[in-house]
Amino acid sequence: MKTVIHTEPEHIADVISRCDICFVGMSQSDGTPYVLPMNFGYSDGTVWLHSAFEGTHIDILKSNPKVCIVFNTANRLVWQHQDVACSYRMQAETVIGWGNVVFEEDYDTKVEALNVLMRHYTDKTFTYSKPSVVNTCIWRVRLERVSCRAFGVPHKQAAL
């Protein structure tokens with residue numbers, strides 16, 4: 001089986017759209033990694049996240065805003081020959097993106113970010129109370145670098 005690299009922005013956006021959560025990796029001041037599973041929204045190369053205003057993640061990001069975000073589609077076990085162990089592989093697509101967290105403070109931008117987040121999960125339209133918006137920490141991550149790969153692609157489909 002092959003791994004196929006995708007660079008097309010449309011394909012990358014499609015992979016991200018098929019994910020329910022992402023994993024956000026950050027680095028503590030002593031170099032210890034810290035990873036959070038998070039709900040997200042994605043639009044035009046920007047990942048929108050939300051959280052509380054306090055916690056370990058906020059402390060880390062205030063001193064080092066660099067993050068690595070991983071999106072992974074549903075995995076499926078595949079094989080080329082049922083009796084050959086090394087022919088087994090998980091089939092999935094993964095996007096890995098790198099960027100810096102910026103905490104959004106503009107009220108209207110926060111509302112739009114919440115809309116992007118909610119559109120990822122539902123077709124419903126929402127309104128938000130002012131306290132809900134004000135009391136939500138919105139993270140904006142413009143992806144500066146992106147890697148997209150499809151794993152477990154049969155050889156005949158893997159021609160590049």
Side-chain angles (χ1 to χ4, degrees), residues 1-78 88-122 126 128 131-153 158 160:
M1 300 215 200
K2 294 280 187 178
T3 298
V4 177
I5 298 171
H6 293 282
T7 58
E8 314 81 20
E10 300 82 17
H11 189 87
I12 292 166
D14 176 64
V15 172
I16 291 172
S17 75
R18 290 184 278 132
C19 297
D20 292 328
I21 63 167
C22 65
F23 294 88
V24 181
M26 53 197 86
S27 183
Q28 297 184 62
S29 59
D30 67 357
T32 303
Y34 189 83
V35 180
L36 286 174
M38 296 186 77
N39 297 104
F40 68 93
Y42 178 77
S43 178
D44 300 320
T46 298
V47 179
W48 295 97
L49 305 152
H50 72 297
S51 71
F53 281 104
E54 52 191 43
T56 301
H57 58 291
I58 299 297
D59 295 340
I60 294 169
L61 293 170
K62 283 180 179 176
S63 65
N64 181 6
K66 295 179 183 179
V67 293
C68 177
I69 304 176
V70 176
F71 305 87
N72 190 73
T73 62
N75 297 307
R76 183 173 72 102
L77 183 63
V78 295
Y88 279 69
R89 178 109 195 235
M90 294 307 280
Q91 189 176 61
E93 289 188 273
T94 298
V95 171
I96 303 174
W98 294 266
N100 291 294
V101 171
V102 174
F103 295 115
E104 189 58 57
E105 296 182 19
D106 178 73
Y107 184 88
D108 292 334
T109 304
K110 288 176 75 168
V111 169
E112 182 51 35
L114 291 169
N115 287 331
V116 171
L117 276 149
M118 294 310 298
R119 274 194 302 269
H120 183 73
Y121 298 100
T122 181
F126 293 90
Y128 311 95
S132 294
V133 175
V134 170
N135 293 316
T136 301
C137 182
I138 297 292
W139 311 13
R140 177 174 32 98
V141 181
R142 180 83 184 147
L143 297 180
E144 299 166 3
R145 187 168 56 118
V146 178
S147 169
C148 179
R149 288 180 166 67
F151 300 97
V153 177
L160 296 176

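Numbers here simply count residues along the sequence, with the first being 1.
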Is it true that the side chains of [X] and [Y] contain a donor and an acceptor less than 3.5 Å apart?
X    : Y    : value
Y128 : N115 : yes
S27  : N64  : no
N100 : E144 : yes

Indicate yes or no for a side-chain donor-acceptor contact from [X] to the backbone of [Y] under 3.5 Å, with no hydrogens or angles considered.
X    : Y    : value
T122 : M118 : no
T73  : E93  : yes
Y121 : D20  : yes

H120 ring center near F40 ring center (under 6.0 Å):
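Yes, the ring of H120 comes within the 6.0 Å limit of the ring of F40, centre to centre.
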Please report the closest heavy-atom contact between [X] and [Y], naming both atoms and the distance.
X   : Y   : value
T7  : I12 : O-CD1, 3.9 Å
P37 : I21 : CB-CD1, 4.0 Å
G25 : V35 : CA-CG2, 4.0 Å

Do NZ/NE/NH1/NH2 and the carboxylate oxygens of E105 and K110 come within less than 4.0 Å?
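Looking at E105 and K110, the cut-off is not met.
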I'd like to know if R119 pairs up with E112 as an ion pair, taking the criterion as any Lys NZ or Arg NE/NH1/NH2 lying under 4.0 Å from an Asp or Glu carboxylate oxygen.
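A salt bridge is present here (some side-chain N lies under 4.0 Å from a carboxylate O).
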Distance from [X] atom [atom1] to [Y] atom [atom2], nearest 0.5 Å?
X    : Y   : atom1 : atom2 : result
I96  : C22 : CD1   : SG    : 12.5 Å
M26  : I60 : CE    : CD1   : 6.0 Å
R145 : C68 : CZ    : SG    : 8.0 Å
L36  : I69 : CG    : CD1   : 11.0 Å

With heavy-atom distances below 4.5 Å as the criterion, would you say the side chains of [X] and [Y] are in contact?
X    : Y    : result
E10  : D14  : no
Y107 : V133 : yes
C137 : I58  : yes
I138 : L114 : yes
V67  : V141 : yes
V146 : W98  : no

Using a 6.0 Å cut-off, check whether atom CG of D44 has over 12 heavy atoms from anything other than its own residue.
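Atom CG in D44 is not packed in, count stays at 12 or less.
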Hey, can you pull the donor-acceptor pairs under 3.5 Å for the side chains in residues 45-55, sequence neighbours left out?
from, atom 1, to, atom 2, distance (Å)
T46, OG1, R142, NH1, 3.2
S51, OG, H57, NE2, 3.3
S51, OG, W139, NE1, 2.9

Checking F23 against F71 for the ring-ring contact (aromatic ring centres under 6.0 Å, His included) test, could you report, in this order, the C-alpha distance in whole Å, the side-chain angles of both residues, the deciding distance, and whether it holds?
CA-CA 7 Å; F23 294 88; F71 305 87; 9.5 Å; no
